[in-house]
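Bear in mind the structure is a predicted one, so any value in this text is a computation, not a measurement.
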Amino acid sequence: MTIRLYDTSARQIRDFAPLVPGCVSIYLCGATVQAAPHIGHIRSGLNFDIMRRWFAYRGYDVTFVRNVTDIDDKIIRKAAEQGRPWWSIGYENERAFNDAYAALGCLPPTYEPRATGHITEMVEMMRGLIARGHAYEADGNVYFDVRSLPGYLSLSNQDLDELRQPSEDGETGKRDPRDFAMWKAAKPGEPSWETPWGRGRPGWHLECSAMAHKYLGEEFDIHGGGIDLIFPHHENEIAQARGFGDAFARYWVHNAWVTMSGEKMSKSLGNSVLVSEMVKRWRPVVLRYYLGTPHYRSTIEYSEESLREAESAYARIEGFVQRVTELAGHTVEPADEVPPAFAEAMDDDLGVPQALAIVHTTVRQGNSALAADDKDAAVARLAEVRAMLGVLGLDPLAPQWAGEREQGEDLRHVVDSLVRLVLDQREAARARKDWATADAIRDQLGRSGLAIEDSPQGPRWSLGPR
């Protein structure tokens, strides 16, 4: 058993060899909390939640760190625009992110450090970088000298001579325009902290290098984030950490975007879809299925039709789970192990689409067993399905999602009584061989969003696709 991951730095899939046998350490760039999250933000959290669950299934002790960037230029600009304290905006949106992660079934991180809680560690790192000749102070700013570090830009594979480094107002005194800011001198009215170089605030990149060092040490296994972070953020994290003397991350794993009309989902483009609004229109478990089941390196093109397809696919799984549970007369526990083909797919760079195909194949086998009145086979297939869905965070019987069903049970009983009256009329029509009326009733129920299945035990209904 060997888990294999695509390593951005190596540009190939590599066998995973942990730094410490039996353990895996993961640092994921989390939220910059200038606004509430859209589904593009949450995709990264979902992808790495699945990674974490798979490592845990394979017996690893997982340490998962996901930071919060609660101070940066965007947050300060939002505060000025809205006439509010910067920390108020940050905390409000941090809670919105945590609510979104929880709604979609992401396990809480082992540690979730805030940037503003680690100024001391950032100052220590800057002292070390200046002492080693990798950084310098100018006009109250502290910059990293990119020419001082051999191998800079190896992650993004850029040419230093062609580099255009992003820069903000106030970044004066650079020796080279390609150098980047680790610490920014205070401006009137902006938040600031005291340092040996005067009052100021951290740059975005320094935060993660310092927090990864504090919580995971000089070297750790996996650093993750969206592909948009490869440059400048991750490239500059590497420069700071290695200039400080850390080996830093052994593997770099990046997830692709959620796009709309071919463009990255972004608030600046005005095309974001907020999680808080999406969960009012779609069940959270359907959103998890939609965002979590494509391969993490594949772009998701957002569409209502794709969400409806995800809803329908998950409903087929739920229907099977419900029917077998009713037949068994008790909750069927997950199998101790997932099927070998599922494990093989997950070991191969977290091949969730291939693994999900095994789930649906097993559901079809279970439905065939139900049709043949083979209770033992149906129960065995359900145990396998629950084991696989547990790894993906999609088990309908898990407490996270079972509560969704319980909330709708009262309404379901009312709907069931009404639908039964109609189905009794359909059965009466079938009994007198009035096929036209029977088909018309079925079609009308279908247009109302109900799927009708004729089984040896009689007709059953379930919610169909929208």
Side-chain angles (χ1 to χ4, degrees), residues 1-6 13 16 43 46-58 104-105 253 255-256 258 282-283 285-303 305-325 332 334-372 374 377-398 401 451 453 462-465:
M1 176 274 295
T2 301
I3 295 176
R4 305 174 72 230
L5 296 170
Y6 184 86
I13 294 177
F16 176 74
R43 183 191 181 183
L46 274 174
N47 289 154
F48 285 90
D49 182 67
I50 292 171
M51 172 191 282
R52 174 193 187 170
R53 289 170 183 265
W54 184 244
F55 273 116
Y57 173 82
R58 280 305 199 189
L104 271 60
V253 179
N255 63 277
V258 179
W282 302 91
R283 294 169 59 203
V285 70
V286 170
L287 287 176
R288 182 180 178 98
Y289 186 100
Y290 171 68
L291 293 171
T293 54
H295 194 274
Y296 74 90
R297 289 193 286 120
S298 298
T299 299
I300 299 174
E301 174 67 15
Y302 172 80
S303 73
E305 180 181 358
S306 296
L307 266 165
R308 284 191 291 271
E309 291 172 356
E311 181 181 53
S312 180
Y314 191 71
R316 289 194 294 272
I317 295 173
E318 282 186 308
F320 166 71
V321 171
Q322 179 184 0
R323 288 191 291 274
V324 179
T325 301
V332 176
D336 292 335
E337 296 184 0
V338 299
F342 180 95
E344 182 179 355
M346 292 296 292
D347 282 340
D348 187 12
D349 195 30
L350 302 176
V352 174
Q354 295 78 12
L356 192 65
I358 305 302
V359 173
H360 283 287
T361 296
T362 308
V363 167
R364 287 194 293 272
Q365 292 170 348
N367 282 328
S368 296
L370 283 172
D374 187 344
V379 168
R381 298 294 80 74
L382 174 56
E384 292 172 348
V385 166
R386 287 202 66 196
M388 292 185 283
L389 293 177
V391 166
L392 300 177
L394 290 168
D395 182 3
L397 300 182
W401 312 124
E453 173 193 0
S462 61
L463 290 176

Would you check if the side chain of Arg4 reaches a backbone N or O of Asp349 as a donor-acceptor pair within less than 3.5 Å?
-> no
Determine yes or no for a side-chain-to-main-chain donor-acceptor pair under 3.5 angstrom, with Thr293 supplying the side chain and Tyr289 the backbone.
->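 Present.
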Measure the [atom1]-[atom2] distance between [X] and [Y] for me, rounded to the nearest 0.5 Å.
{"X": "Ser298", "Y": "Asn255", "atom1": "OG", "atom2": "CG", "value": "11.0 Å"}
{"X": "Asn47", "Y": "Leu350", "atom1": "CG", "atom2": "CG", "value": "8.5 Å"}
{"X": "Trp401", "Y": "Arg283", "atom1": "CH2", "atom2": "CZ", "value": "9.0 Å"}
{"X": "Leu389", "Y": "Leu356", "atom1": "CG", "atom2": "CG", "value": "8.0 Å"}
{"X": "Ser312", "Y": "Leu307", "atom1": "OG", "atom2": "CG", "value": "12.5 Å"}

Do the non-hydrogen side-chain atoms of [X] and [Y] ever get within less than 4.5 Å of each other?
{"X": "Arg323", "Y": "Leu370", "result": "yes"}
{"X": "Leu5", "Y": "Ile13", "result": "no"}
{"X": "Tyr290", "Y": "Glu309", "result": "no"}

Could [X] and [Y] be called an ion pair, given the rule that one side-chain N must be under 4.0 Å from one carboxylate O?
{"X": "Glu305", "Y": "Arg308", "value": "no"}
{"X": "Arg386", "Y": "Asp395", "value": "yes"}
{"X": "Asp49", "Y": "Arg43", "value": "no"}

Go through Leu46 and Tyr296 one step at a time and tell me if the side chain to side chain contact (heavy atoms under 4.5 Å, CB included) criterion holds.
-> CA-CA 9 Å; Leu46 274 174; Tyr296 74 90; over 6 Å; no
Side-chain donor-acceptor distances from residues 339-347 under 3.5 Å, at least two apart:
{"unit_1": "Asp347", "atom_1": "OD1", "unit_2": "Trp54", "atom_2": "NE1", "d": "3.0"}
{"unit_1": "Asp347", "atom_1": "OD1", "unit_2": "Arg58", "atom_2": "NE", "d": "3.3"}
{"unit_1": "Asp347", "atom_1": "OD2", "unit_2": "Arg58", "atom_2": "NH2", "d": "2.6"}

Salt bridge (Lys or Arg N to Asp or Glu O under 4.0 Å) involving Arg364 - partner list, sequence neighbours excluded =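 Partners of Arg364 under the salt bridge (Lys or Arg N to Asp or Glu O under 4.0 Å) test: none.
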All salt bridge (Lys or Arg N to Asp or Glu O under 4.0 Å) counterparts of Arg316, not counting sequence neighbours =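 None.
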For Tyr6, is the NZ or CZ atom of Arg297 found under 6.0 angstrom from the centre of its six-membered ring and inside 45 degrees of the ring axis?
->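 Positive - Arg297 is close enough to the ring of Tyr6 and near enough to its axis.
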Trace of the ring-ring contact (aromatic ring centres under 6.0 Å, His included) decision for Phe16 with Phe55 = CA-CA 11 Å; Phe16 176 74; Phe55 273 116; 5.0 Å; yes
